[in-house]
Amino acid sequence: MKYKLIALDMDDTLLTSEKTVSQKNREMIQRALNKGIKVVLCSGRTHNAVIGFAKALGIAGPDQYMITNGGAIIENMDGKIVFQKMMSNQFYRGFVQFVKDNNLHYNVVDQSGNTYSSSNEWLDKYTIMQAFENDNGLYLKEPDQLPADFEIVKAIINGNQKELDKISDLVHQKFDQNYFVVRTGIGFLEIFPKDVNKGAALKVSAEKLHFTLSEVMAMGDRDNDIHMLKIAGKGVAMGNALSEVKSNNDDVTADNNHSGVGLAIEKFAL
């Protein structure tokens, strides 16, 4: 099968544990681009946390896309937003109240990648990590201190694995009916609009490029990648992927520290 689009999760997929792109991955992505294959970075990260990697890989132009915020925003590489799904101020206020009622730590992200949180005592390290990655500052604001029409692209409950394991069922019970709740990494339990996920965004991107999903290959490692692995013509799980992810794909490649992305591109797309 000739694949025309390759969708890549970033953390623990394209990127090594040191948050770098291996030389093998870089070379294979460049070969794919030179062959006319679209390469779409598809991440839970915000614009600022993705764009630098895209530019460094040579992904550029109005007919190349990147998917950010877990599928809530699709934009071309000239910065034009072609799809966006937000969550209302009403949800935001209810979410913050839920967090406070359960003594949790959180942050939310707006359309521009700004990070917002509030705390009476201290900020969770994962909230600080999120703000650092977003590269747009961290604003300590209560909902009432923000505009009445303030909207967000995602909400994140932060904590270590034990803390998130303990609260996960309650969060799903509270939000599953109207929202998409998913673990996106260590320290992050995220909430998106119900119909927002990487698979749905990948489908929109393929349609805009007039590709069928059978012409798409996707790679990932975590729960939030499952939708796009299942919807793509070729779903490839990383060697370091969660067992549930490996069971929802067509193939397994090497892990993120051994150029699994580059090896899969070389094997299946070139």
Side-chain angles (χ1 to χ4, degrees), residues 1-16 20-45 49-68 70-71 73-77 82-83 197-222 224-241 245-246 248-270:
M1 181 67 193
K2 181 180 179 182
Y3 296 108
K4 297 180 178 180
L5 189 157
I6 300 171
L8 301 174
D9 170 54
M10 290 183 62
D11 292 288
D12 298 319
T13 297
L14 173 63
L15 304 181
T16 68
T20 61
V21 180
S22 73
Q23 185 60 32
K24 177 74 172 183
N25 285 356
R26 193 180 302 274
E27 288 176 358
M28 292 303 107
I29 288 172
Q30 189 59 61
R31 282 182 59 186
L33 290 170
N34 290 342
K35 194 176 177 181
I37 299 171
K38 306 296 182 185
V39 178
V40 177
L41 301 186
C42 191
S43 177
R45 291 172 174 235
V50 176
I51 190 66
F53 288 100
K55 288 181 177 179
L57 290 167
I59 303 171
D63 60 346
Q64 294 278 9
Y65 296 90
M66 68 180 192
I67 296 168
T68 61
I73 297 177
I74 306 172
E75 59 185 285
N76 71 12
M77 300 311 298
V82 298
F83 174 87
N197 59 69
K198 292 184 180 182
L202 184 56
K203 182 179 180 181
V204 171
S205 301
E207 288 172 350
K208 288 188 174 297
L209 290 164
H210 305 292
F211 298 157
T212 65
L213 288 170
S214 63
E215 297 173 310
V216 175
M217 181 168 74
M219 289 182 243
D221 72 296
R222 292 197 67 90
N224 61 328
D225 299 317
I226 290 175
H227 284 93
M228 73 171 183
L229 291 175
K230 291 176 72 173
I231 203 172
K234 170 73 75 173
V236 180
M238 302 302 294
N240 54 289
V245 178
K246 290 180 179 178
N248 280 279
N249 70 88
D250 302 305
D251 286 278
V252 178
T253 185
D255 65 51
N256 63 310
N257 290 319
H258 293 88
S259 302
V261 164
L263 292 170
I265 292 174
E266 186 174 41
K267 180 178 181 179
F268 298 117
L270 299 179

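Just so you know, these numbers use all the heavy atoms, side chains as well, and skip hydrogens, waters and symmetry mates.
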Side chain proximity check, N25 to L8, heavy atoms < 4.5 angstrom = no

Are Q30 and L57 close enough that some pair of their side-chain heavy atoms sits under 4.5 Å apart?
-> no

For A269 and M217, work out which heavy atoms get closest and say how close.
-> CB-CE, 4.1 Å

Closest heavy-atom pair and its distance - D250, G233 = OD2-O, 3.5 Å

Hey, is NZ on K246 packed in by over 12 heavy atoms from elsewhere, all under 6.0 Å?
-> yes

Sort and list the pairs that fulfil salt bridge (charged side-chain N to carboxylate O under 4.0 Å, His left out) and have at least one residue in residues 254-270, not counting sequence neighbours.
-> K24-E266

M228 and C42 have their tightest heavy-atom pair at SD-SG, 3.8 Å

Shortest non-hydrogen pair, V50 vs R45, comes out as CG2-CB, 3.6 Å

The reported gap from OG in S22 to CG in L15 (rounded to nearest 0.5 angstrom) is 10.0 Å

Heavy atoms only: give me the nearest M238-V261 pair and the separation to one decimal.
-> CE-N, 4.0 Å

Spatial distance of atom CD1 (I29) from atom CG (N34) [nearest 0.5 Å] = 12.0 Å

Rounded to the nearest 0.5 Å, what's the gap from CG on L5 to OG on S205? Could you check?
-> 7.0 Å

Which atom of F268 lies closest to which atom of Y3, heavy atoms considered | O-CD1, 3.4 Å

If only atom types and distance count, is the side chain of S259 paired as donor or acceptor with the main-chain N or O of L263 below 3.5 Å?
-> no

Test side-chain contact (heavy atoms from CB on, under 4.5 Å) applied to A200 - qualifying residues, sequence neighbours left out = N197

Distance (rounded to the nearest 0.5 Å) between H258 NE2 and N240 CG = 10.5 Å

Is the closest side-chain heavy-atom distance between V82 and K208 below 4.5 Å?
-> yes

Quick one: which of I231, L229, I226, D225 gives a side chain to side chain contact (heavy atoms under 4.5 Å, CB included) with K198?
-> D225

Can you check whether V245 reaches D221 side chain to side chain, under 4.5 Å on heavy atoms?
-> no

CD1-CG distance between I74 and L202, expressed to the nearest 0.5 angstrom = 8.5 Å

What side chain to side chain donor-acceptor pair (under 3.5 Å) pairs are there with at least one residue in residues 51-65, not counting sequence neighbours?
-> K38-D63

CG/L270 to CD1/I6 distance, rounded to the nearest 0.5 angstrom?
-> 6.5 Å

Stepwise side chain to side chain contact (heavy atoms under 4.5 Å, CB included) test for R222 and D11 | CA-CA 9 Å; R222 292 197 67 90; D11 292 288; over 6 Å; no

Apply side chain to side chain contact (heavy atoms under 4.5 Å, CB included) to the pair N257 and T16, showing each step before the final yes or no.
-> CA-CA 5 Å; N257 290 319; T16 68; 3.3 Å; yes

If we only count heavy atoms from C-beta on, is the E215 to K2 side-chain gap below 4.5 Å?
-> no

Heavy-atom side-chain contact between R31 and K35 under 4.5 Å = no

